[in-house]
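What you are looking at is a predicted structure, and each value in this text was computed from that prediction instead of being measured.
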Amino acid sequence: MSRHVAIVTDSTAYLPPRAMERHRITAVPLTVVLGDQALEEGTEISARSVAQALQKRKPVTTSRPGPEVFAAAYRAAAEEGAEGIVSLHLSAEFSGTYDAAVLAAREAPVPVRVVDTGMVAMALGFCALAAAETAEAGGTLDEAVAAAEKRAEATAAYFYVDTLDYLRRGGRIGAAQALLGSALAVKPLLQLDGGRIELREKVRTAAKAIARLEEIAVERAGTAPVDIAVHHLAAPERATLLADRLRDRVPELGELHVSEVGAVIGAHTGPGLLGVVISPR
């Protein structure tokens, strides 16, 4: 991390490990609380373990990193030569992670710009990559922040979940919408909107919902150069099939990432999640 602007994000960005290494991006881990155990995402607990716990209806919650964890990351970046840091995080509507980073930034040895991207998963990851690429090209701290914010503004994320119950339990979507979805026995399609998870459409079957998710992604991608990420939780076949179809149907596709979400997002969505992130270059 010897370049003059360092990039820090959090573990919910779900960046591919090779991309993090290549661009020297640091990810501060959130915590999953499983029973009486507090475990760091990415190192101490897997998404699959969370999925199994949820299926057995065991209590699963999540928590933000403490400010001291961010402070350590900022000190390490400064010690490795960074003269400024861009710290990019998941929507403050989902977590107190942004607030913890802001507290730590006040005492950092170099200037830190903390950004609430309003995003999560690779919608956040693409923002971190945009900031890193700008810094690598010699961009200033302000220019790296602007690149991340521009990417966030252009990026869209859509999700299919088998049930809204997990989101309702975690307070990530309104209880009334969750109850309505259950009552009608529909399959919900969700989207990120203003940093929140909103119900976009209700579809009668899982097959129709996934087909509709594909159509929405293709429409959003259009004919401009875009990067895409396909996420899942305990649904690798669904994710691979959707990625293959998008590869065939999106004419100006750049990078295409396929990955299972981590334990934190998995705890709130439940098994069966299928998501698509469309990020114009």
[X] bridged to [Y] by N-O distance under 4.0 Å:
X	Y	result
K187	E201	no
R249	E214	yes
D193	R196	no

Q: For side-chain contact (heavy atoms from CB on, under 4.5 Å), just list the numbers for T26 and T9, CA-CA rounded to whole Å, side-chain angles, deciding distance to a tenth of an Å, and then say yes or no.
A: CA-CA 6 Å; T26 298; T9 186; over 6 Å; no

Find out if a path of hydrophobic residues (ILVMFWY) with successive side-chain heavy-atom gaps under 4.5 Å connects [X] to [Y].
X	Y	result
L253	L241	no
V264	V33	no
L90	L103	no
L256	L213	yes

Quick check against the 3.5 Å criterion: does [X] have a side-chain atom that pairs as donor or acceptor with the backbone of [Y]?
X	Y	result
H23	I7	no
E79	A76	no
H231	A121	no
T134	A147	no
Y74	V8	no
S11	A27	no

Is any side-chain heavy atom of [X] closer than 4.5 Å to a side-chain heavy atom of [Y]?
X	Y	result
E83	V5	no
R200	L190	no
T61	V32	no
C127	K150	no
L199	Q191	no
V114	L88	no
I228	H257	no
L246	V218	yes

Which heavy atom of [X] sits nearest to which heavy atom of [Y], and what is that distance?
X	Y	value
A38	T31	CB-CG2, 3.8 Å
V258	A243	CG2-CB, 3.5 Å
V226	A221	CG1-O, 3.8 Å
L129	A19	CD2-CB, 4.3 Å
S87	V112	CB-CG1, 4.0 Å
T223	E252	O-CG, 3.1 Å

Under the side-chain contact (heavy atoms from CB on, under 4.5 Å) test, which residues partner [X], sequence neighbours left out?
X	value
R220	A156, Y158, I278
D116	S91, A92, Y98
R238	Y160, D162, A206, I210, A235, L274
P271	A51, L54, Q55, Y166, A234

(Q) Just by distance, no angles: are the side chains of H89 and T117 close enough, under 3.5 Å, to form a donor-acceptor pair? (A)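 Side chains of H89 and T117: no pair found under 3.5 Å.
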
At what distance, to the nearest 0.5 angstrom, does [atom1] of [X] lie from [atom2] of [Y]?
X	Y	atom1	atom2	answer
R22	R18	CZ	CZ	9.0 Å
H232	L273	NE2	CG	9.0 Å
E198	L189	CD	CG	14.0 Å
E107	E68	CD	CD	13.0 Å
E260	I265	CD	CD1	13.0 Å
R64	L30	CZ	CG	10.0 Å

**Q.** Stepwise side-chain contact (heavy atoms from CB on, under 4.5 Å) check, V102 with F70
**A.** CA-CA 9 Å; V102 169; F70 282 107; over 6 Å; no

Q | Residue pairs involving residues 269-281 (criterion side-chain hydrogen bond (donor to acceptor under 3.5 Å, both in side chains); sequence neighbours excluded) | A |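 Only R151-S279, T155-S279, D227-R281 qualify under side-chain hydrogen bond (donor to acceptor under 3.5 Å, both in side chains).
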
Q: Mind checking side-chain hydrogen bond (donor to acceptor under 3.5 Å, both in side chains) for D142 and listing every partner two or more places apart, or none if nothing turns up?
A: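 Partners of D142 by the side-chain hydrogen bond (donor to acceptor under 3.5 Å, both in side chains) criterion, ordered by chain and then number, come out as R113.
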
Q: Applying salt bridge (Lys or Arg N to Asp or Glu O under 4.0 Å), run through D248 and R245 and close with a yes or a no.
A: CA-CA 5 Å; D248 291 338; R245 290 186 61 81; over 6 Å; no

